[in-house]
**Q** 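Pasting in a structure now, in structure tokens, and then I'll have a few things to ask.
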Amino acid sequence: MQFLLQSIYPFSHLRFRVVARTLRFKEPAGTSRGVYTVRPVWYVVAYAEHEGRTAYGVGECAPLPDLSCDFSADYVARLRRICNFIEQTKRFPADISAFPSIRFGLETALESLHASFTTANSFNLFPSSPFARGLEGIPINGLVWMGSHEEMLRRMEQKVADGFRCIKIKIGAIAWDDELDLLRRLRRRFTPKELEIRVDANGAFAPDEALRKLQQLAAFQLHSIEQPIRAGQLDALAELCRLSPVPIVLDEELIGINHPAAMQQLLQAVRPQYIVLKPSLHGGVKGSKDWTEAARAEGVKWWMTSALESNVGLNAIARLQACLGGEPMAQGLGTGQLFVQNYGPATRIERGRLWLYDEKERAHRQEFFAFQQAWTDPTKPTMTLQTSGSTGVPKKMETDKSAMCRSAEMTLSTLRIPQQASALICLPMKYVAGMMMAVRCFVGRLRPVLVAPSSRPLQGLRCAPEFAALTPMQVFETLQHVRERRLLFGVRWLIIGGGAVNESLVQALKRHTGAVFSTYGMTETLSHVALRRLNGPEAEDCYRPLRGVRVTLDERQCLCIQSPRLPQPLIVTNDVGELQPDGSFRVLGRVDNVVVSGGVKLHIEEIEAVLGRVMSVPFNLTAVPDRRLGEALTMLYVGSPADGPALEALCRQRLARYAVPRRYYAVASLPQTATGKPDRAALQQLAREVGQKQQKP
């Protein structure tokens, strides 16, 4: 295949770098051709620019020195020449099909680069399949390497104990009777319905003995045998495929056949029951697609496996297999566990299935796609929202999808976020903040970047998303890590909500080159209705309502929100505010977070904001009953009881006398809601419990 790269990947300043690595096996990997203890690989790192942004992608070139058709003494020099050719011409060379491992590395490096720009994750290749989305696992076989009789028996038993229901056993290196004994023991314990057994001879049988051995193997009701005789003996192989009582799989026989017509000729001549595809050996991505098409045309089933790549190549192969489809059978993709040190995204094996993400990531993805399905359901005009419960018991509310659309449109138009921008979704999908980020993606045709909620959502990303919504805690934690801080400062539109942004955080974000806003809103307003710019020449102290939103004060001096775009024409809040002549406003705190101590009204959030500029430990304020004062302002902090006097001294320096907390309690952690807000009800209860314990003799 020869094509202009620009027609598929519109990159500028495309360049490559080749990085050599040696992988070491945890245990010697025995095959009929010898034992592997180390594995040389070469990573191709592709760099490019697109619309003012720079990103990189990674592909793996992993030839097997004694097996690959393209391995030679000048392999690295050839790889560099091909990279230079692509940089200069924006084309693959005409003879690229002769170098399958190089082709696979370059194809996946470019796909990885494309993923960096489109999803902010360079390893998110072929993202459309349920497997790539984290919704399904791929069934895989458990591989038992050659070894002594005792070693192989131990390995077989461990694979079964690990939950594999398909085991592939390498044969041909130890005594034939011992190999038969291993299979006999395994089959005595497990019926074919309970355990599928495959064997791989790697060409170990002589043609004149192969049929006899296959007849002996048939007694164990095997699924198949890979490459019983060495490649290149087509007449003998075709005869075996016709007579064998055990289905035959072609493996090495496919190596070096890189054109569709030759692929079809081989399958027609040999008539195997299966073929097994290894992109690094069998033509890369394009060659694998050609093989699957030829196999389907000839009625031959197939599965995919690795050629002992690291996690970089294995990730690409697993995603490619899920994209190409195929028979619902176990794939040979469990080799990521073989090496002492691996590179790239780690896959997970759970009960015989390969997964791309851990349980937390999968749960977040499932919630997102379930929300997407409900959103696109024409029979459901409403969605159910849940409040965060920061000041009480969480409650649910129904709202029209049309109102959520209007809210999303207000944000997109105010921030001027273009279509196809990448948007980070790292907030819980059961709350309005996560839901509305998803709706903004749907309405604005943005590209979602899914990351499970955590305190460090940028930790696993390689490229900064263009649009992100984070909590103050997430921003704080991200700023503590250099690489994540760099990504955060690469976000073009950053909105921070779910809690107050203290002054130290504002100062840390002053040099951010994008547009950073603190948001004001709640579940009832379908996320934010006002923004406060935190950086740049437009930075200010007040929130400015979005277009069409009007803010007033009631008799309690609490904010009232009016907008024809919201579900309710008037929303009366419990947020005490200060209104400016131009319609902007400041938030002083919640009326239900006012502590009346000795007849003086104290706004908890205002005092926390002042202390937040100087406090070196996490803290929150609450109140406990007091006989003399009515309520005593109380500080809960993460630290040691011995820190209490120093914290009290600091409070006395920074606060008016009546605002100084009366009690200081050290705790292990501060209660928060699922959205990262202080859980005020839980804080009050915790303060009471700690106080009661300290009063006991």
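Any value given below was found using the heavy atoms of this structure, including those in side chains, with hydrogens, waters and symmetry copies removed.
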**Q** Evaluate Gln273 against Val300 for side-chain contact (heavy atoms from CB on, under 4.5 Å), listing each step before the verdict.
**A** CA-CA 6 Å; Gln273 285 76 29; Val300 176; over 6 Å; no
**Q** If we only count heavy atoms from C-beta on, is the Arg155 to Glu27 side-chain gap below 4.5 Å?
**A**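 Touching, per the 4.5 Å side-chain cut-off.
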**Q** Does the side chain of Met304 come within less than 4.5 Å of Ser288's, by heavy atoms?
**A**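 They are in contact (side-chain heavy atoms under 4.5 Å apart), so the answer is yes.
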**Q** Would you call Arg353 and Glu350 a salt bridge, taking side-chain N to carboxylate O under 4.0 Å as the test?
**A**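 Glu350 and Arg353: not salt-bridged.
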**Q** Checking side-chain contact (heavy atoms from CB on, under 4.5 Å) between Cys166 and each of Met329, Glu196, Lys159, which is the one that passes?
**A**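 When Met329, Glu196, Lys159 are each tested with Cys166, the side-chain contact (heavy atoms from CB on, under 4.5 Å) holds only for Glu196.
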**Q** Does the pair Arg492/Glu466 count as a salt bridge with the N-to-O cut at 4.0 Å?
**A**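 Salt bridge flag = yes for Glu466 with Arg492.
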**Q** Can any side-chain N or O of Thr292 pair as donor or acceptor with the backbone N or O of Lys289 at less than 3.5 Å?
**A**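 Flag set: sc Thr292 to bb Lys289 pair under 3.5 Å.
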**Q** Name all residues meeting the side chain to side chain donor-acceptor pair (under 3.5 Å) criterion together with Gln158; count only those two or more places apart in sequence or in a different chain, and write none if there are none.
**A**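 Once residues adjacent in sequence are excluded, the partners of Gln158 under the side chain to side chain donor-acceptor pair (under 3.5 Å) criterion are Asp162.
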**Q** Ignoring hydrogens and angles, tell me if any N or O in the side chain of His364 forms a donor-acceptor pair with the backbone of Leu450 under 3.5 Å.
**A**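 No; zero donor-acceptor contacts below 3.5 Å.
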**Q** Given side chains that start at C-beta, do those of Thr108 and Glu60 come closer than 4.5 Å, heavy atoms only?
**A**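 No; the side chains remain at least 4.5 Å from each other.
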**Q** Centroid separation under 6.0 Å, is that true for the rings of Tyr274 and His223?
**A**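 Yes, they do, as the ring centres are separated by less than 6.0 Å.
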**Q** Would you say that Ile225 contacts Asp200 through its side chain, given a criterion of any heavy-atom pair below 4.5 Å between the two side chains?
**A**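 No; the side chains remain at least 4.5 Å from each other.
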**Q** Just so I know, are the side chains of Val58 and Tyr56 near enough to count as touching, which here means a heavy-atom distance under 4.5 Å?
**A**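 Yes. Closest side-chain heavy atoms under 4.5 Å.
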**Q** Using a strict threshold of under 4.0 Å (side-chain N to carboxylate O), is an ion pair present between Arg362 and Asp358?
**A**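 Not counted as a salt bridge, because no side-chain N and carboxylate O are separated by less than 4.0 Å.
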**Q** Just by modelled atom types, is the Pro127 backbone N or O under 3.5 Å from a matching donor or acceptor in the Asn124 side chain?
**A**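 Answer holds: no.
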**Q** Can you check whether Pro272 reaches Val249 side chain to side chain, under 4.5 Å on heavy atoms?
**A**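 Not touching, per the 4.5 Å side-chain cut-off.
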**Q** Who pairs with Asp95 by side chain to side chain contact (heavy atoms under 4.5 Å, CB included), at least two apart in sequence or on another chain?
**A**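 Asp95 satisfies side chain to side chain contact (heavy atoms under 4.5 Å, CB included) with Pro93, Phe99 once adjacent residues are dropped.
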**Q** State whether Glu298 and Arg271 are salt-bridged, where the test is any N-O pair (Lys NZ or Arg NE/NH1/NH2 against Asp/Glu carboxylate O) under 4.0 Å.
**A**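 Yes.
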**Q** Looking at Lys286 and Glu107, does any basic side-chain N land under 4.0 Å from a carboxylate oxygen?
**A**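 No.
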**Q** May I ask you to check whether Tyr357 and Arg365 show a side-chain donor-acceptor distance below 3.5 Å?
**A**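 Distance-only check passes for Tyr357 and Arg365.
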**Q** May I ask you to decide if Phe123's main-chain N or O and Arg319's side chain share a donor-acceptor pair within less than 3.5 Å?
**A**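 Such a contact is found between Arg319 side chain and Phe123 backbone.
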**Q** For Trp355 and Phe131, what are the C-alpha separation, side-chain angles and deciding distance, and is it a ring-ring contact (aromatic ring centres under 6.0 Å, His included)?
**A** CA-CA 7 Å; Trp355 295 88; Phe131 170 72; 7.8 Å; no
**Q** Between Val276 and Glu226, what is the shortest heavy-atom contact and its length?
**A**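 So the minimum-distance heavy-atom pair works out to CG1-OE1, 3.8 Å.
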